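First up is the structure itself, then whatever we jot down about it.
Nothing here was measured: the structure is a model prediction, and the numbers come from that model. Lettering of chains follows the sequences in order, A, B, ..., and the numbering in each one begins at 1.
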There are 2 protein chains.
Amino acid sequence: MDIEARPPQTTQQYVLDQLRRAILTGQLAPGSAIRQDALADQLGVSRVPIREALKILEGEGQVIYRPRRGYMVAELALEDFLEVYRIRQILEDEAVRRAVERITDEDIQRLQDAHADVVAAGQAGEITAMAAANRRFHFTLIDAAGMPRLRRFLSILWDASDVYRSLYYSEESNRERVDREHKGIIDAVRARDTDDLIRRLSEHRAGTVATFREFMAKQES
Amino acid sequence: MDIEARPPQTTQQYVLDQLRRAILTGQLAPGSAIRQDALADQLGVSRVPIREALKILEGEGQVIYRPRRGYMVAELALEDFLEVYRIRQILEDEAVRRAVERITDEDIQRLQDAHADVVAAGQAGEITAMAAANRRFHFTLIDAAGMPRLRRFLSILWDASDVYRSLYYSEESNRERVDREHKGIIDAVRARDTDDLIRRLSEHRAGTVATFREFMAKQES
DNA sequence: ACAATCAATATTGGATCCAAAATAAAATCT
DNA sequence: AGATTTTATTTTGGATCCAATATTGATTGT
């Protein structure tokens, strides 16, 4: 399923991919320090490409950097999570408004394909694959807006909350809900019904937020 | 006037500051390649901190990176400029909505101080200082929203268009207009009149966009 | 004169090394 | 024993070096 067969062009790109994966899977836990030397040994590279990859992640807010103290994986408090979702709301509303005007039949086909992958991965219980397909689904819509900066910001926001979104998919009932809501979203796109689409997407996001709220409440106890 | 008397903590920070300045002043022109070796000589440092600083700027979209080809200063076509301002519009609307609810009297005092600096710099004809004070003015408002990610995105968007905003200030009539509009903005904040504030800010931005449009039209001929 | 090929040069990417700072551990003092 | 200072260790920041790739310039052939 993974298309990325060819190796990355540079070592820093390779390191960046690995770091993303480690953060996503929780191998590098939120709040933990990132030891450059250990990581270099583990990946079989020197510290130089690691430092460059970390600078990229710093820019995305995935890691926190303190001069002469090094990097640590960013944590996401409830407050932060809500901010991420609030900004997503605002930016995605704008994105789909533009997208509806510009979207092609091929795009809609891609939307359907991505959703098929979501369902397939969901039934197979492959949470990671499902998260990836889900992201493809939503970014097909976002890409159709043709706004590269907006796309990049949204990408950063999705990255920030990716870890916790997997939580949502781990529940069977939520997976069914995603299936249902995605179908509704596709219908709204086909009908070019912007208001309906925005409403459905808002509803769609609300589920994840609720799950995160519960999760954080349980964490405290 | 420059408060930043103490030197940066690390060399990469110093290089980052210098690169920002060079891009802002046009010393590094949009579209031009950035030669790491030459820059290292010029700043009296090695290439390592330069590479790290460039990675930060890459993340902000200020420079474009192509593997094994190096970095070049990003260009801003009219289309890009309009996207930047559209996203600014959306995010700043949200920011001020929150800000109005949370803003304190000290914040409003800071707003006034910043505006006084804008006017003073404007009368002295110091465009760079005026741009800096103007930024302080607007980010006082944005900061009051208490949304760090939104603040960061807006910071990136301001950076992207900073070069061209100076263009706007270079005209005397525009400087007067800024003075007038800022006063109106402060009044709206004091009155906690969100709708009026949003309207005024929108109007305020429109001037810069118009100037950029004219500039680009002239460029072509 | 122009295009294509080959050689020379410039530039980036990564590894290794050392100094400076931060952290952890040991020793000293009250 | 507990707090404080001193010493040892770990870790980051920066410089230098070399290999791999890209770019430029020269050479050859048509």
Distance-only donor-acceptor pairs under 3.5 Å for side chains of residues 38-50 of chain B, two or more places apart:
unit_1  : atom_1 : unit_2  : atom_2 : d
B/Ser46 : OG     : B/Val48 : N      : 3.4
B/Arg47 : NE     : B/Gln36 : OE1    : 3.0
B/Arg47 : NH2    : B/Gln36 : OE1    : 3.2

For B/Arg98 and B/Glu94, run salt bridge (Lys or Arg N to Asp or Glu O under 4.0 Å): C-alpha distance rounded to whole Å, both residues' side-chain angles, the deciding distance at 0.1 Å, then the answer. CA-CA 6 Å; B/Arg98 302 258 168 155; B/Glu94 171 71 8; 3.1 Å; yes
A/His182 side chain reached by A/His204 side chain, heavy atoms, under 4.5 Å: yes
Pairs touching residues 153-162 of chain A that satisfy side-chain hydrogen bond (donor to acceptor under 3.5 Å, both in side chains), sequence neighbours left out: A/Glu92-A/Trp158, A/Arg135-A/Ser155, A/Arg135-A/Asp159, A/Arg135-A/Asp162, A/Ser161-A/Arg165, A/Asp162-A/Arg165
Distance, rounded to the nearest Å, where A/Met72 contributes CE and C/dA22 contributes P: 17 Å
Note: A/Arg110-A/Asp107 ion pair, threshold 4.0 Å (strictly below): yes
Rounded to whole angstrom units, what separation is found between the CG atom of A/Asp41 and the P atom of D/dT12? 12 Å
For a stem of at least 3 consecutive Watson-Crick or G-U pairs with distances under 3.5 Å, i pairing with j, i+1 with j-1 and so on, which stems involve DNA chain D? C:1-30 with D:1-30
Sequence neighbours excluded - side-chain hydrogen bond (donor to acceptor under 3.5 Å, both in side chains) pairs with any residue from residues 66-78 of chain B: B/Lys55-B/Tyr71
Using the ring of each side chain (for Trp, its six-membered ring), is A/Phe81 parallel, tilted or perpendicular to A/Phe212, with breaks at 30° and 60°? parallel
What nitrogen or oxygen pairs link the protein and nucleotides 12-16 of chain C at under 3.5 Å?
unit_1 : atom_1 : unit_2  : atom_2 : d
C/dT12 : OP1    : B/Ile34 : O      : 3.4
C/dT12 : OP1    : B/Arg35 : NH1    : 2.9
C/dG13 : OP1    : B/Tyr65 : OH     : 2.4
C/dG13 : OP1    : B/Arg68 : N      : 2.9
C/dG13 : N7     : B/Arg47 : NH2    : 2.9
C/dG13 : O6     : B/Arg47 : NH1    : 3.4
C/dG14 : OP1    : A/Thr11 : N      : 2.2
C/dG14 : OP1    : A/Thr11 : OG1    : 2.7
C/dG14 : OP1    : A/Gln12 : N      : 3.4
C/dG14 : OP2    : A/Gln12 : NE2    : 3.2
C/dG14 : N7     : B/Arg51 : NH1    : 3.0
C/dG14 : N7     : B/Arg51 : NH2    : 3.3
C/dA15 : OP2    : A/Ser46 : N      : 2.6
C/dA15 : OP2    : A/Ser46 : OG     : 2.5

Among residues at least two apart in sequence or on other chains, which ones pass ring-ring contact (aromatic ring centres under 6.0 Å, His included) with A/Tyr168? none
